[in-house]
Amino acid sequence: MVKGVWRMAALPTGRRLKWLVVAVWLVIGVAVSPLAFMLSDAQTNDAAAFLPADAESTRLLEAQRKLPGGDAIVAAVVLARDEGLTEQDLAAAERLGRRLEPFSATTPLLSVPAPDGRAVLISIPMPQTSDAHQFTGDVEEMRQIVAEEVRDLPGLRTSVTGPAGLITDTFDLFIQIEGMLLIVTASIVAIILIVVYRSPMLWIVPLVCVGVADQTAAGMIYLLAEYADLTVNGQSAGILRVLVFGAGTDYALLLIARYREELSRHADAHDAMRVAIRRAGPAILASAGTVTLGMLCLLLGELNSHRGLGPVCAIGIVVALVTMMTLLPAAMLLGGRRLFWPFIPEYGQLPPAR
């Protein structure tokens, strides 16, 4: 059985199959890229997505949703002045109430002045929507309207906050972090590969393979979140990206290091890659299996965010393993020995033992 597994693992090293493997992964990458960019739309970042399922707060949220307008998300518009609101400020608050009425759900707007007369609160229950971009866009439009109304009232402080404002800020923050994580992680991986292999070309191959693994994992998780009720939030999506890049880079370093040694022992690069997979494969498989099982242990956690994080990260590790054990060997063979330029390993020139 073990021999059969390693024969299957050596399929990407075939002289013709390597082209097929690269072509298949190219098709997969093109197909899943649009889905990967839609992962943020499938995220659930409300309180119920993080709290334990049996917590009192979670049960309260579920009970509220059963009431008329109970599923609304409140946006709180605050107008405040330290020395007390003027008549112009109160008039601006009335105009804001009328202009913000289209954003409200069935429940009417509610204005609550502070007892000391220094602030007024306009409560706007906004309807929930599955389109996160539409909801956050509505909140941003409300902020622009508020800024327009108080433009000629210097000293008046305003804020669009409450649950709607918090959700919008959290969503925007996770979107920024996700993009920044991708840039920073890819840059660090590229620097590590350049320093380790001292080649101007070799680092591109594993980095592209890791990128394909990242997009494939994100696309798969989007489909599971949409059609299999998998809980995904900004936290798990961010950790997924770092985990796939980190694990994929580790697997690449192990495999390429063994492949480089075997190139000195085999005249044919295909034979060298077969031996490299057979010898480095068990360590890579054991590493991926350990991390996957560890991630799945989070299913035993009480927090919804932890239970969702486990399957998301486990899927990312499995996808990274499959990608780096199939696409990477095939892509390395397509490049040949010249990928290691200027330090090309030649047949018969064994590296000195240290």
Nearest heavy-atom contact between A93 and I122 is O-CD1, 3.6 Å
Got T161 and V78 here, is their nearest side-chain heavy-atom distance under 4.5 Å? yes
Expected output: side-chain T326 to main-chain V322 donor-acceptor under 3.5 Å: yes
How close do D152 and P154 get, heavy atom to heavy atom, and via which atoms? O-CD, 3.3 Å
Check against side chain to side chain contact (heavy atoms under 4.5 Å, CB included), V74 and M126: CA-CA 6 Å; V74 177; M126 301 179 62; over 6 Å; no
Can you name the closest pair of heavy atoms from A80 and L156 and give their distance? O-CD1, 3.3 Å
Group every Ile, Leu, Val, Met, Phe, Trp and Tyr by side-chain heavy-atom contacts under 4.5 Å, then state whether I194 and I256 land in the same group. yes
L20 with V30, same ILVMFWY side-chain cluster at under 4.5 Å: no
The reported gap from CD in E148 to CG in L96 (rounded to nearest 0.5 angstrom) is 10.0 Å
Between W25 and T323, do the side chains contain a donor N or O and an acceptor N or O under 3.5 Å apart? no
Result block: side-chain N/O donor-acceptor pairs under 3.5 angstrom for residues 205-218, not counting sequence neighbours:
{"from": "D214", "atom 1": "OD1", "to": "R241", "atom 2": "NE", "distance (Å)": "3.1"}
{"from": "D214", "atom 1": "OD2", "to": "R241", "atom 2": "NE", "distance (Å)": "3.2"}
{"from": "D214", "atom 1": "OD2", "to": "R241", "atom 2": "NH2", "distance (Å)": "3.0"}
{"from": "T216", "atom 1": "OG1", "to": "V212", "atom 2": "O", "distance (Å)": "2.7"}

SB check R265 D271 (cutoff 4.0 Å): no
What about V22 and V24, same hydrophobic cluster or not, with Ile/Leu/Val/Met/Phe/Trp/Tyr joined at side-chain heavy-atom distances under 4.5 Å? yes
Does D116 come within less than 4.0 Å of R81, counting only side-chain N to carboxylate O? no
Pick one: which of V146, I124, D169 meets side-chain contact (heavy atoms from CB on, under 4.5 Å) with V160? V146
I'd like to know if I204 and L26 are part of one continuous hydrophobic network [Ile/Leu/Val/Met/Phe/Trp/Tyr, side-chain heavy atoms within less than 4.5 Å]. no
Do R98 and E101 sit within salt-bridge range, that is, some charged N less than 4.0 Å from a carboxylate O? no
If you count every heavy atom of other residues, nucleotides or ligands that lies below 6.0 Å from E87 atom CD, does the total exceed 12? no
Go through it in stages, so that I can follow the logic: the residues are I315 and L224, the test is side chain to side chain contact (heavy atoms under 4.5 Å, CB included), and I'd like the CA-CA distance, side-chain angles, deciding distance and then a yes or no. CA-CA 11 Å; I315 292 171; L224 292 174; 3.3 Å; yes
Yes or no on side chain to side chain contact (heavy atoms under 4.5 Å, CB included) for F340 and L263, after CA distance, side-chain angles and deciding distance? CA-CA 11 Å; F340 292 92; L263 283 175; 3.6 Å; yes
With a 4.0 Å cut-off on N to O distance, would you call E262 and R279 a salt bridge? yes
Which atom names give the shortest non-hydrogen contact between A92 and L153, and what distance separates them? CB-CD1, 3.7 Å
Given the rule that I, L, V, M, F, W and Y join up when any side-chain heavy atoms are under 4.5 Å apart, are L293 and V312 in one cluster? no
Counting C-beta onward and ignoring hydrogens, is there a side-chain heavy-atom pair between S159 and V77 closer than 4.5 Å? no
Hey, could you give me the CG/CG distance between L255 and L328, rounded to the nearest 0.5 Å? 5.5 Å
4.5 Å side-chain heavy-atom contact, F103 and I145: yes
Distance only, no hydrogens: is a donor on one side chain within 3.5 Å (strictly under) of an acceptor on the other, for D268 and H266? no
Measure the spacing between CE of M273 and OH of Y259 and express it to the nearest 0.5 Å. 4.5 Å
Can you tell me how far CG of L17 sits from NE2 of H270, rounded to the nearest 0.5 angstrom? 10.0 Å
Within this structure, what is the CE-NZ distance for the pair M332 and K18, rounded to the nearest 0.5 Å? 12.0 Å
Residues L339 and A331: closest non-hydrogen pair is CD1-O, 4.4 Å
Member of L35, V318, V319 meeting the side-chain contact (heavy atoms from CB on, under 4.5 Å) criterion with M220: V319
Going by the rule side-chain contact (heavy atoms from CB on, under 4.5 Å), which residues pair with L296 if we only count those two or more places apart in sequence or in a different chain? T292, L299, A314
Assess the residue pair L321 and I284 against the criterion (side chain to side chain contact (heavy atoms under 4.5 Å, CB included)); give the C-alpha distance rounded to whole Å, side-chain angles, the decisive distance to 0.1 Å, and a yes or no. CA-CA 8 Å; L321 171 66; I284 296 174; 3.6 Å; yes
Looking at every heavy atom in both I239 and C313, which two are closest together, and how far apart are they? CG2-SG, 3.8 Å
Student check: side-chain heavy atoms of L90 and T86 closer than 4.5 Å: no
Nearest 0.5 angstrom please: L100 CG to E149 CD, how far? 8.5 Å
Donor-acceptor contact present, side-chain R99 to main-chain E94, <3.5 Å: no
Taking side-chain contact (heavy atoms from CB on, under 4.5 Å) as the test, write out the residues that go with A247, two or more places apart. Y251, I317
